[in-house]
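Naming convention: chains lettered A, B, ... in sequence-line order (proteins, then strands); numbering from 1 in each chain.
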Amino acid sequence: MSVFRHYAEAITGAIRAMIAAGELPNLDPIPPITVEPPRDPSHGDLATNAAMVLAKPAGRKPRDLAEALRRRLTAGAGVETIEIAGPGFLNLRLAPAVWDEELRRAIEAGKHYGDSDLGGGRPVNVEYVSANPTGPMHVGHCRGAVLGDALATVLAKVGYRVTREYYINDAGAQVDTLARSLHLRYREALGETIGEIPAGLYPGDYLVPVGRALAGRDRERWVEASETEWLPVCRRFAVDAMMALIRDDLAVLGIRHDTFTSEKEALHESGAIAEAVAELHGRDLVYEGTLEKPKGKEIEDWEPRAQTLFRAKQFGDDTDRPLKKSDGSWTYFAADIAYHRDKFRRGYATMIDVWGADHGGYIKRMKAAVAAVSEGRAELDVKICNLVKLLRAGAPAKMSKRSGDLVTVRDVVDEVGRDVVRLIMLTQKPESPMEFDFVRVTEKSKDNPVFYIQYAHARIRSVMRRVASEVPGVSTDPRDLQGANLARLGHPAERALVRLTLQWPRIVEASADAHEPHRIAYYLHELASAFHALWNQGTEAPELRFLVGEDPELTHARLAMCQGVAAVIASGLAVIGVEPVEEMR
RNA sequence: GCGCCCGUAGCUCAGCUGGAUAGAGCACAGGAUUCCUAAUCCUGGGGUCGUGGGUUCAAAUCCCGCCGGGCGCACCA
């Protein structure tokens, strides 16, 4: 258990004891209190607002309550001083041994530092990417891909049982278009001249080899056949090929999903949609009705029509939503209802969907649907990813493209590398538009967060390699570093670095709770920054250097500190899906 | 017209689910290089947190109204 959770529980325990002793009214539940490191280090190691939060329900003055809480907490182990400050904060200063012990744990855990059982093994489903199987992944997909993957990893790190899921939209008109595009390439492969690809079909070169493959397998069989005959064949063949393509693209990013769900097979052909709608119908959540014409936007062929509608409004949406198209087939939304119902029935009470910004208007109805199919027992969180604007040295990026007008994920990864893409995608909260500058992200300077964080890790590894020659006899084995005399870390800058390093479990938990993996990238940058600052102080103040020839004990303690930093960086990069480097070249 | 997202230093953005004096990088000004890697570092200036109200011991954070920008608005996915 992290230091922070430990003391948070100690404080809650003290509050419960006060309730039991009649010093506080029987509050149920106890209002949420915070236990966090204060911004100002002079306020100690931990601060809690408990007294202020409890003051009103208890009908007592905050400072009186603070005093009572202090008396109960002082008995606790590891607490050195408790001060009451400001309007009623309790500022706890912990014994150095508490931090020393935590640093030892960090060294021991290595990249597993920050792992916890917070999630209690509860299942979470993270659905991300879900690019339509009509071509290779383009850059627009990779932000969501990285976000979803990092989110899944951080949730797993804190003890959830995470499933990474991909929804294959293989049922709509787009895959029919894909099938027709393939048929053209198939005829081309058999020697026909096809000329310009007609508007409305997919022109990308990536279908050329697929056409050849189909021709190789089936020969002339579909040339003279009618479309009703060849369409299903081409569709199946094309979708399989596109999914293979997309899986390769995902592999390039280092992403592997656990489950791929086919809209066509799992929802349409299985009857799951009909079943879901029937169930909702039975609960009077589906009806035949007519929607009002949307205001403010002209729709040419609008006509009032009775439709099969889901009562989304009853669950907080702005209007009820159609489940059937005018030709009688299911809408995409109907399929999505069945899909989320299926997820719920598979045991996921927590679902996370990662979508593009253009789907923002879809969130309310989907949440409404989840509330309906789970009868309020499941929760859906939708993460919206904004656009990535590609730049080269500040100007809009021009590049050779593999397919059509799209810049693919592979184009970008080929140029800058997987690690750069993954980390940069998390250097901004997802709902803001992002600029991705090919020049900036590959610069070897501190302006580039990828480099800056990697460099900190590489510097630590470099120090470790030098020990043998600079301070012979000092071990760099992590097991030995755990035994270092950490009391020798006395400089304020060292203590600050250690303290920041040991924030890591909190950052992981907060990031998982909030479903915000970008916090990890920010924290790593901050940690790297603190490390570099200390390193550079060694330039002017040689006594602050990590390797002190005449003082092996001090050297050992500082190496332990460095090892802790390296462990956290490795742990953090692992969440993001980036390999820490041993040296910069 | 409606819904959602965004609005924080000159620029690009954080801000730990309501806490103490709002942070970082770039840019700007000044300083530092016989250095374990200068592939930089230190110091400093710079803010009505879009705006007006409200909730509270406490608001950048929550609620309401405006302003500006983006996305979306039967039957596409």
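Between the side chain of A:R459 and the base of B:C36, no donor-acceptor pair under 3.5 Å is found.
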note = Under the rule of Watson-Crick or G-U wobble with both distances under 3.5 Å, where | means paired to another strand and [ ] a crossing pair, RNA chain B maps to (((((((..((((.....[...)))).(((((.......))))).....(((((..]....))))))))))))....
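Taking 4.0 angstrom as the limit, A:H359 places none of its side-chain polar atoms (N or O) nearer than this to OP1 or OP2 of B:C73. Close to B:A77, at under 4.0 Å from its OP1 or OP2, lies a side-chain N or O of A:K325. A close approach under 4.0 Å does occur between a side-chain nitrogen or oxygen of A:R39 and OP1 or OP2 of B:A20.
Set against B:C76, B:U37, B:C41, the side chain of A:T331 has B:C76 as its closest nucleotide. Side-chain proximity of A:L547 to B:A39, B:G19, B:C36: nearest is B:C36. Checking B:A20, B:G3, B:U17 against every side-chain atom of A:K364, the shortest atom distance belongs to B:G3. The side chain of A:S432 sits closest to B:A14 out of B:G72, B:A39, B:A14. Checking B:U37, B:A77, B:A39 against the side-chain heavy atoms of A:F451 singles out B:A39 as nearest. With distances taken from any side-chain atom of A:E431 to the nucleotides B:C6, B:A39, B:C76, the minimum falls on B:C6.
Base orientation for B:U37: anti, the chi torsion being more than 90° from 0.
Within 6.0 Å of atom NZ in A:K325, more than 12 heavy atoms from other residues, nucleotides or ligands are found, so the atom counts as buried in its surroundings.
We find that A:R461 and A:E583 are not joined by a salt bridge, their nearest charged nitrogen and carboxylate oxygen being 4.0 Å or further apart. A salt bridge is defined here as a Lys NZ or Arg NE, NH1 or NH2 lying under 4.0 Å from an Asp or Glu carboxylate O, and A:D176 with A:R235 meets this definition.
Note on A:A514: a base of the nucleic acid sits closer than 4.0 angstrom, heavy atoms only. Across all strands shown, A:N91 has heavy atoms under 4.0 Å from base atoms, whether or not it also approaches the sugar-phosphate. Within 4.0 Å (heavy atoms only), A:E435 reaches no atom of the nucleic acid at all. At the heavy-atom level, A:F333 lies nowhere under 4.0 Å from the strands shown.
Residues passing the salt bridge (charged side-chain N to carboxylate O under 4.0 Å, His left out) test with A:D45 are A:R499, sequence neighbours excluded. Take A:K367 and apply the side chain to side chain donor-acceptor pair (under 3.5 Å) test, not counting sequence neighbours, and it matches no residue. Considering only residues two or more places apart in sequence or on other chains, A:S329 meets the side chain to side chain donor-acceptor pair (under 3.5 Å) condition with A:D327. Legend: residues meeting salt bridge (charged side-chain N to carboxylate O under 4.0 Å, His left out) with A:R60, ordered by chain and number and at least two apart, are absent. In this view, A:Q174 and A:N132 satisfy the side chain to side chain donor-acceptor pair (under 3.5 Å) rule, not counting sequence neighbours. With sequence neighbours excluded, no residue forms a side chain to side chain donor-acceptor pair (under 3.5 Å) with A:H43. Partners of A:A47 according to the side-chain contact (heavy atoms from CB on, under 4.5 Å) rule, which considers only residues two or more places apart in sequence or in another chain, are A:P38, A:N91.
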N/O to N/O distances under 3.5 Å, protein versus nucleotides 60-65 of chain B:
none

Taking N or O atoms only and anything under 3.5 Å, show me the protein contacts with nucleotides 56-58 of chain B, one pair per line.
from, atom 1, to, atom 2, distance (Å)
B:C57, OP1, A:K56, NZ, 2.8

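The list of side chain to side chain donor-acceptor pair (under 3.5 Å) pairs with a residue in residues 500-509 of chain A, not counting sequence neighbours, reads A:R5-A:E509, A:Q503-A:R506, A:W504-A:S571.
Taking a 4.0 Å limit (strictly below) on heavy-atom distances, residues 519-537 of chain A reaches RNA chain B at A:R519, A:Y522, A:A533, A:W535, A:N536.
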